[in-house]
Amino acid sequence: MLKYIANRLLQIVVTLFIFFALTYFILDAQPGDITLQYVNNPKFTKEQREALRRRLGLDKPAYVRFFQWMGNTLRGDLGESYQYRKPVMDVLLERAPRTIFLFLTATLIEFFVGYWLGRVLAWQRGTGLEYGITVVGAFFYTVFTPWFALMMIYLFGFTLKWFPIGKFLDVNLWRTAPKGLTANQIFINLLVTMTLLAVALVVVYYLTRRMNPYRASLIRWSALIGGAAIAVGYWAASPVAKYAGDILYHMALPIIVLTLINFSGTMLLTRTTMLETLREDYIMAARAKGLPERVVRDKHAARNAVLPVFTSLIISLPFILGGGIITETVFSWEGLGLTLLTASTTGDIPLVMGSFLFIGTLALLAHLVADVAYAFLDPRIRYA
Amino acid sequence: MAEKPLLSVRNLTMIYKTRKGPVSAIDDVSFDLKRGESLGLVGESGCGKTSVAMALLRLLPDNAQITGGQILLDGTDLTQLSEDEMQHVRWKRISMVFQAAMNALDPVYKVGDQIIEAIERHERDIDPAEARRRVEALFKLVGIDPKMADRYPHEFSGGMRQRAIIAMALACNPDLIIADEPTTALDVIVQDQVLRELRQVQKQMGMSMIYISHDIAVIAEVAERIAIMYAGRLCELADAVEIFKRPRHPYTVALMSAFPSIVGEKRPLVALGGEPPDLLFPPPGCRFHPRCPRALDICKQQQPPFEDIGGGHYLACWNPAPMVEVQS
Amino acid sequence: MTTAPAETAFHIQEPLWKIRLRIAWKGLKQSWALFTENKIGLIGLGIILFFGLMALAHPILMHTVWEPNIYDPFIGNDPTILQHPSPPSARHLLGTDPVGRDVLSQLMYSTQSEFILGLLAALVTVTIATSVGAISAYFGGALDAFFMRLADLINILPFIALLVVLTAFFDFGMIELALLIGILSGFGGTTIIFKAQALTIKVKPYIEAAKVAGGSDLHIIFRHIVPNLMPLAFLNMMFTVTGAIFSEAALSFFGLLNLRMSWGIMINTTQAAGYLLGGWKYWYLIVPPGLAITLLCSAFYLVGRALDEVVNPRLRRR
Ligand SMILES: Nc1ncnc2c1ncn2[C@@H]1O[C@H](COP(=O)(O)OP(=O)(O)OP(=O)(O)O)[C@@H](O)[C@H]1O
Ligand code: SF4
Ligand SMILES: [Mg+2]
C-alpha cells in the first residue's frame, strides 16, 4: 500500500514537471510578448521596451528562462501579476480556497446523488421511469453549461429572488464585519469543517462495511445527518455565523447548478456499470444464497459497480475543475478559473501561468487522493 | 419406492423468450430424487442442464418463464412460492456449486465473510463467533487452511476457490446440493480431488446431490443414478449400473460407445452424425430423430412418453435398442 | 485472403467485394434492428436529422425566400424595424439580434459549421485513437508504454483550462480548434479505451492465423485489428462530437475564438451587448442558441449511448 502511494507520488511529481514545462513553452511560443502592449504607446520608446524586456528577463533563451522560472516557482515565487501589481502567489492564495471549497462540496454532493440515482435506475430497467430519468440525465449531462447557469440565475435570482446574483458575498454586509475577519478565513475554516466531516463519514462507512445492509445504511444515514447537524450547530453558535451564512447563501446556487450539471454523468455511468455487474456470477451466487434483492443490489452489485464509477470520477476531476472556469465566470465567483480566464484575456502571463499551475496541481492532487481512496475500495489493488 | 422422495420434478417445462422466438430449453422433464441420493445429469453442451439447475432454485434470467409443471420439495411446490418464501429455500434447503464457480466469489469481500453472510441470512440469531467457527471447520473439511478465510478471492488459486465455493454450499447444511460442472475449470488432478471430496462430504452429511456434467466418466464416479438429457428433454434415467450395462435409448447407447466401457465389455462404436438441434425450432416428435439410427416414422410425429420400463428404469423411445445383457 | 483461387474453384460469379458488401449490409441491418429497439437512440437520431435539415435549408432559403440584405447572418439588417433587438415576428421568426440580424438565419447558418467542427474533431480523434490503440496493443513494449504515459498525461490536464489558455494566446478558428480537440482526445483518454479493445482482438485465433499465413505487421493491424475496432470507433465519434461542439460553444462564449458566427458567438454577442442582464425579456437572443447547443450535444450523446448497447452485448437486455 505504501509502495503504491509512493509510486503514485513519484508519478505525480514527474507529471507535474512535464506539465510545468509544457505550460511554459506553450505560452512562450505565443507570438510577441507583454512589451508589445506598449508598441502603440507613444510614451514608450523602443529603448524603454528593450529595457523592460531585459528587466523581465525576456531576452534570454527560452530554456534558461524556464529553469529560472522553475526555480522561482519551487521557491513559491510566481512573479508579479501585470494586472494587479502584486505577487501572483498572493493573488492565487487568496482565490484558491474559494475554488476548492466550491468544487469539493459540489463534487461530493454530485457523486453521492449520481451514484444513488444510478443504482435505482439500473433496478428499474425497461420501465418508463428509466427512460424518463435517462433522457433528463442526458440533457443535464450535455447541457451547455454557461447557458444553463444563466437560465438558473434568471429563474432563481431574477424571477423567484430566492438566491443572490453573482459574487461570493454581500459587500454591504461585509463592511460591518469585525476588523481582521476576512472571507478567506471563513472559507478555510469551512473547508476544515467539511474535511473533518468527510473523514468522520468515511470512518463510519468503514466500520459498518460488513454489517447487514439495513443496519449499515441506518447507521450511515444517522451519521450523515448527525454530523451535518453538529457542523451546522457549531457554525451557528460561532460569532461569525452571519458571515459564514452569507457565503453559504451565495454558494447555494452555484452548487445546485454544478450538481445538476455533473450528477448525471455519475448516474448514467452507475447505471451502465450496475447492469454489467448484474451479469457477474457472484451476483447470481449472492441471489442463490437467498439474500434479499436489496442486499444483493446494495451490498454486492452497487459495491462492485462503484469501482469503475469512482475511476471515472478520478478521470473527470481535472475536467470538472477546468469546467469551473465556466461556472465561476457566469456566477462571477472569483476563484482560480475566473482568474485564469481574465488573466488570459488581458495577457497577464505570470498570472496565467500561476493559475494554470494551481489548477493543474489541484487536479493532480485530487487525482492522487482519489487514487488512494480507490485502492481502499478495491482489495485487488490494496493487496497487490 | 415407499419412501417419499425429497425432490420430485413433474413435467417441468421452461422457455427463454428471445427476439427470434421462444427457446424450448426444458420440455416435460420429470424425475425424483431420494434423500441422500446422488443423481447425475448428463447431456451435450446446450441441452438445458444448467437451465434445470437454475429452475430448481428459481434463479432464472428475466426472459425465462416456467410454463408448466411442478417442482415438489418435500411436497411443497417451489414454482408456486413467492419470491420471499423462495429466498428461504435458497441455500437453506437447496444450495449450488456453480458452473462458473471461479467467479462466484465477490471480489471485494473476504471469502470467510461471504460464507458467514449466508449463514447469518438463514440463522438469524447465530453467534458471530459460532458462525466463524463453522467457516473454519468447513474450510478444514474441504481442505483449505482455515486462515484463508480472512483473504480475498483474488488471493485464492482456482482450485481453492472451487473448494471455498463447496464449503459455502455446505454452510447451511442443505438437503440438496446441485453441482453444475463444478470442476470444468480445473486441471485434471485437482478435478479428481475436488470431485472425490465433494462426494465424500455429501455422503458423510447425508445430503442429496444433483451432479451435472457433459462428461459421463465424471458422472460415473459420483452418481448412483444417472439421467440422460437431450435437447431439453430427458431420454433415459436409471441406476448408474443399469445405464452402463443396459442402455436402451439410442442416444445413451451412442454416448456409452464413445466412452470406454467401465465394465470391460467391448461395444460397437456408434457414430452420431449431425448437430444437436436448435432449441428455437426443436424437431417435432422425438427430438433425437434427425440423428437417430433407429428412427421410425412415428418418431417424426409423436413424442415418445417418458415411462418406467421396470425397476425404476425410465425411458422415452419408440424403438429402444435391444436389451443386451452384459455379463460382469 | 487467397481470393483468386477460391473464385475459380467454386465458380463464384459474384466478385468478392460484392460478397463483402452483402455481409456488411447484413451486419448493418442487424445492428440497425438492435438500435431501433432503443427509443432513446431514435430520439437522438431524429434531433440530428432535424439539425441536418436546418443546415441544408439555410443556403436554399437564402437563395429563394430570404432577401440577402435582410437575412444575411453576418451583415443583414432589416430597415423596416426601427429598434433592434426585436422580438419574434412574422418576418423574423426568432427576432433579430442587437445589430439587427435575423436570429433564425444565424442559428441555421451556424448549424453547418457545428457539424463540420464536430465531425472533423471526431474523425481526427478516432483516426488517431484507432491507429495508436491498435499499434500499442499489437507491438506492446516501449512504444506502448510511451503512448500510454502520454495518454495519462493528457488525461490529467484540465482540458478546458488548457483550451482557454491556448485559444487566448493563439489565433484559433473552427478548423484549428477541431484539429486541436481531435489531437488532444485522440492521444488522450480515447486511446486507452481503444487499446483495451485492441488487446482483446489481438488474442483472437484469426490474428494468429494471419500471422502464420505470413501477413506483415502492418497488414494485420490495418486489415484485421483496425476493422474490428470500427464499431467502437463509430460509437466513440458520437461522444467526441458532443465534446467538440460543447468546447467550441464555451470558448466562443468567452470570446476566445476567431470565428465569424457560431451558436456560442450568438450568446457572446448578446452578452457583449449587455442583454444578458435583461432577464427573460430577451429570451429570443439566448434561448435558441443555448437550446440548439444543448439539443445537438444531447442528440449525439443519446445516439452514442444507444450504439453502446448495440456494440456492448453485456448491456443488452437479452
Ligand atoms: N438467457 C437465455 N436466453 C436465451 N436462451 C438461453 C438463455 N440461457 C440459455 N439459453 C439457451 O438454452 C439452452 C440451454 O442452455 P443451458 O445453459 O441450460 O445448457 P447446458 O446444458 O447447461 O450447457 P453447458 O453444458 O454448455 O453448460 C441453450 O440452447 C442456450 O442457448
Ligand atoms: S424415439 Fe425414435 S427417434 Fe427417438 S430415440 Fe427412439 S428410435 Fe430414435
Ligand atoms: Mg451449463
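Residue numbers start from 1 in every chain, and the chains themselves are labelled A, B, ... in the order their sequence lines are given, proteins ahead of strands.
Considering only heavy atoms from C-beta on, B/L59 comes within 4.5 Å of A/M284 through its side chain. Within the 4.5 Å cutoff, the side chain of B/Y109 has heavy atoms near those of the A/K299 side chain. Side-chain contact check for B/V108 versus A/L377: every heavy-atom pair is 4.5 Å or farther apart. When side chains are defined from C-beta on, B/M96 does not count as touching A/K289, because their heavy atoms never get closer than 4.5 Å.
With a 4.5 angstrom heavy-atom cutoff, B/D113 touches chain A only via side-chain atoms. Using a 4.5 Å cut-off between heavy atoms, B/M168 touches chain A through its side chain atoms alone. Residue contact with chain A, scored on non-hydrogen atoms closer than 4.5 Å, involves the backbone and the side chain of B/Q114 alike. Proximity to chain B (any heavy atom under 4.5 Å) is shown, for A/I283, by neither the backbone nor the side chain.
The closest donor-acceptor contact from the side chain of B/Y152 to the backbone of A/D378 lies at 3.5 Å or more, if one exists at all. Side chain of B/R121 to backbone of A/G290: a donor-acceptor contact under 3.5 angstrom is found.
Atom OH of A/Y282 is surrounded by more than 12 heavy atoms from other residues, nucleotides or ligands within 6.0 Å.
In this structure, CD on A/E280 lies 12.5 Å from CG on B/L105, to the nearest 0.5 angstrom. A distance of 11.5 Å separates CG of B/D106 from CG of A/D281, quoted to the nearest 0.5 Å.
Ranked by heavy-atom pairs under 4.5 Å with chain A, the first of B/H88, B/R90, B/M54, B/M86 is B/R90. Contacts with chain A were tallied for B/P107, B/A171, B/P153, B/A169; B/P107 has the most, counting heavy-atom pairs under 4.5 Å.
Defined by atom type and a distance below 3.5 Å, a donor-acceptor pair is present between the side-chain atoms of A/H300 and B/E117.
For residues 108-116 of chain A, heavy-atom neighbours of chain B at less than 4.5 Å comprise no residues at all.
Across all their heavy atoms, B/A104 and A/A285 have their closest contact at O-CB, 3.4 Å.
Listed by first then second residue, pairs satisfying ring-ring contact (aromatic ring centres under 6.0 Å, His included) with a partner in residues 118-149 of chain B number zero, not counting sequence neighbours.
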